[in-house]
*Asks:* 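First the structure, which I've put down as structure tokens, then a few questions once you've had a look.
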Protein chains: 2
Amino acid sequence: MATDSLSIGDLARTTDTKVETIRYYERTGLLPPPPRTSGNYRAYGGEHLARLSFVRRARDLGFSIEQVRALLGLADQQHLSCEAVDTIARERLAEVDRKLADLAALRRELASLIGQCRHGTIAECRIIEALAPG
Amino acid sequence: MATDSLSIGDLARTTDTKVETIRYYERTGLLPPPPRTSGNYRAYGGEHLARLSFVRRARDLGFSIEQVRALLGLADQQHLSCEAVDTIARERLAEVDRKLADLAALRRELASLIGQCRHGTIAECRIIEALAPG
DNA sequence: TATGCACCCTGTAGCAACTACAGGGTCAAG
DNA sequence: CTTGACCCTGTAGTTGCTACAGGGTGCATA
């Protein structure tokens, strides 16, 4: 492939993304369709790399595809106030906090269950018992 | 419906499960198909209620459908050692611990991002900047 | 020159674990 | 005898990918 552009495989390796995922992002409009070579191969430039990196980082932080789409849209509106960005990020933070609390509660329950195991037969298993009360 | 049996709607209300979910559990073999009334309505008894409660509790603790299936299978083998049960529960606990650690790390990153927001325009937004570095 | 191999293309189906219809049947009350 | 709440089956949608199948491209090597 030409020196100044990346094949989809190159882009995949560079951003630690599967080739299929990149095509999926293109289908769903997260990434713009790149130009094609004469052989119909996708030829990516630096702006595609930047955009995909953005998407990956946001996804790694757990933003949903729709949130990423919103963030990308905002990123292009340089003159706007960054309040909307802040709002999306805070929403995500609240979500993370909820999940952390849920998981922590769940962990306590699970650990208590396991702590009750007396290593006998299933007939006297406290874990099974705890799952199936009357 | 007869006094001694529950309609799918009754069962759904009692266990806080959607009707469709109950049918889904039946399709996938988590719940045994109940007898039917003359009008072809499902008629559940106490054992179905117990089994669905078990499933719901296990699912609420985050066990996968396959893990629940395994637990149900074990619950019926009263003479076996409860080691296998313990193993499944410990696996789940390890999973929860991994997720807690991941989420906590993610929370730190997110909070640091948000903390950097200076409430200006998007052009100078630290959040956008942090997502799209060179 | 042939041919092998890695890579690319499109399109579709599958994963978990539900959820939401569409298009019908059943049943008790008014 | 009709209304409305409930039930039935079957299928498609959700999220975010992932995995083929069945082909084309492009470069190096025998």
Side-chain angles (χ1 to χ4, degrees), chain A residues 1-3 5-31 33-44 48 52 54-72 91-92 95-96 99 102 106, chain B residues 1-3 5-31 33-44 48 52 54-72 91-92 95-96 99 102 106:
Chain A
M1 186 148 273
T3 17
S5 70
L6 299 166
S7 75
I8 196 169
D10 295 337
L11 190 62
R13 270 181 297 280
T14 311
T15 60
D16 199 21
T17 307
K18 298 240 153 90
V19 165
E20 286 94 340
T21 302
I22 298 178
R23 286 198 281 248
Y24 166 75
Y25 287 161
E26 181 181 325
R27 268 203 313 284
T28 57
L30 266 196
L31 293 182
R36 301 293 182 111
T37 66
S38 58
N40 200 32
Y41 284 19
R42 288 171 178 81
Y44 294 98
H48 294 101
L52 180 53
F54 186 108
V55 171
R56 292 299 293 170
R57 266 168 222 268
R59 292 287 303 130
D60 283 350
L61 286 170
F63 288 99
S64 73
I65 294 281
E66 283 317 305
Q67 286 175 323
V68 175
R69 200 189 303 282
L71 287 172
L72 281 169
E91 269 170 19
R92 174 67 191 137
E95 219 175 279
V96 169
K99 282 210 175 140
D102 286 355
L106 201 146
Chain B
M1 185 147 275
T3 17
S5 71
L6 299 166
S7 74
I8 196 170
D10 296 336
L11 190 62
R13 270 182 298 278
T14 312
T15 59
D16 199 21
T17 308
K18 298 237 153 90
V19 165
E20 286 94 339
T21 304
I22 297 178
R23 285 198 281 249
Y24 167 73
Y25 286 162
E26 181 181 325
R27 265 205 312 285
T28 57
L30 264 197
L31 294 181
R36 300 294 181 110
T37 67
S38 58
N40 200 31
Y41 284 19
R42 287 172 179 81
Y44 295 98
H48 294 101
L52 180 53
F54 186 108
V55 171
R56 292 299 293 171
R57 268 167 220 268
R59 292 287 304 129
D60 284 350
L61 286 170
F63 289 98
S64 74
I65 294 282
E66 283 317 304
Q67 284 175 325
V68 175
R69 199 188 304 281
L71 287 171
L72 281 168
E91 269 171 27
R92 174 67 191 138
E95 219 175 279
V96 169
K99 284 209 176 140
D102 287 354
L106 200 147

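Below, chains carry the letters A, B, ... as their sequence lines are ordered, and counting in each starts from 1. Remember, predicted model here, so these are calculated numbers, not experimental data.
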*Asks:* What I want to find out is whether Arg13(A) reaches Asp10(A) closely enough, with some N-O distance under 4.0 Å, to be called a salt bridge.
*Replies:* yes
*Asks:* Counting only side-chain nitrogens and oxygens, does Arg42(A) get under 4.0 Å of the OP1 or OP2 atom of dC8(C)?
*Replies:* no
*Asks:* Nearest whole Å is fine: how far is dG10(D) P from Tyr24(B) OH?
*Replies:* 17 Å
*Asks:* Does a side-chain N or O from Thr21(B) land closer than 4.0 Å to OP1 or OP2 of dC18(C), or not?
*Replies:* no
*Asks:* Would you mind reading off the distance between Ile22(B) atom CD1 and dC6(D) atom P, rounded to a whole angstrom?
*Replies:* 14 Å
*Asks:* Here's a test of your reading of the structure: between Arg36(A) and Ile65(B), which maps to the more 5' nucleotide of DNA chain C?
*Replies:* Arg36(A)
*Asks:* Taking the side chain of Asn40(B) as its heavy atoms from C-beta onward, which of dC8(D), dC8(C), dA20(C) lies nearest to it?
*Replies:* dC8(D)
*Asks:* Please state how far atom CG in Asp16(A) lies from atom P in dT18(D), giving the value in whole angstrom units.
*Replies:* 11 Å
*Asks:* Quick check on DNA chain C: between Arg56(B) and Val19(A), whose nearest nucleotide comes earlier from the 5' end?
*Replies:* Val19(A)
*Asks:* Do the side-chain N or O atoms of Arg23(A) get closer than 4.0 angstrom to the phosphate oxygens (OP1, OP2) of dT10(C)?
*Replies:* no
*Asks:* Under 4.0 Å, counting only non-hydrogen atoms across every strand here, what does Ser64(A) touch: a base, just sugar-phosphate, or nothing?
*Replies:* sugar-phosphate
*Asks:* Is the closest basic N to carboxylate O distance between Glu95(B) and Arg92(B) below 4.0 Å?
*Replies:* yes
*Asks:* Before you tell me yes or no, could you show the steps for Glu66(A) and Arg69(A) under salt bridge (Lys or Arg N to Asp or Glu O under 4.0 Å), namely the whole-Å CA-CA distance, both residues' side-chain angles and the distance that decides it to 0.1 Å?
*Replies:* CA-CA 5 Å; Glu66(A) 283 317 305; Arg69(A) 200 189 303 282; 3.2 Å; yes
*Asks:* Mapping Gly39(A) and Lys18(A) to their closest nucleotides on DNA chain D, which lands nearer the 5' end?
*Replies:* Lys18(A)
*Asks:* What's the closest nucleotide to the side chain of Tyr41(A) if the choices are dC17(D), dC6(D), dT25(D)?
*Replies:* dT25(D)
*Asks:* Using heavy atoms to find the nearest nucleotide of DNA chain D for Ser38(A) and Glu20(A) separately, return the residue whose nucleotide is more 5′.
*Replies:* Glu20(A)
*Asks:* Just how far, in rounded Å, is P of dA17(C) from CZ of Phe63(B)?
*Replies:* 13 Å
*Asks:* OP1 or OP2 of dC17(D) sitting under 4.0 Å from any side-chain N/O of Arg59(A)?
*Replies:* yes
*Asks:* Side chains of Arg56(A) and Thr17(A): any donor to acceptor distance under 3.5 Å?
*Replies:* yes
*Asks:* Round to the nearest Å and state the distance from Arg27(B) atom CZ to dA20(C) atom C1'.
*Replies:* 12 Å
*Asks:* Could one point to a donor on the side chain of Tyr25(A) or the base of dG16(D) with an acceptor on the other under 3.5 Å away?
*Replies:* no
*Asks:* Hey, are the side chains of Tyr25(A) and Ile65(A) touching, using non-hydrogen atoms and a 4.5 Å cut-off?
*Replies:* yes
*Asks:* Tell me: CD1 of Ile8(A) to P of dA6(C), nearest whole Å?
*Replies:* 19 Å
*Asks:* Starting at CG of Leu52(A) and ending at P of dC17(D), how long is that distance when rounded to a whole Å?
*Replies:* 11 Å
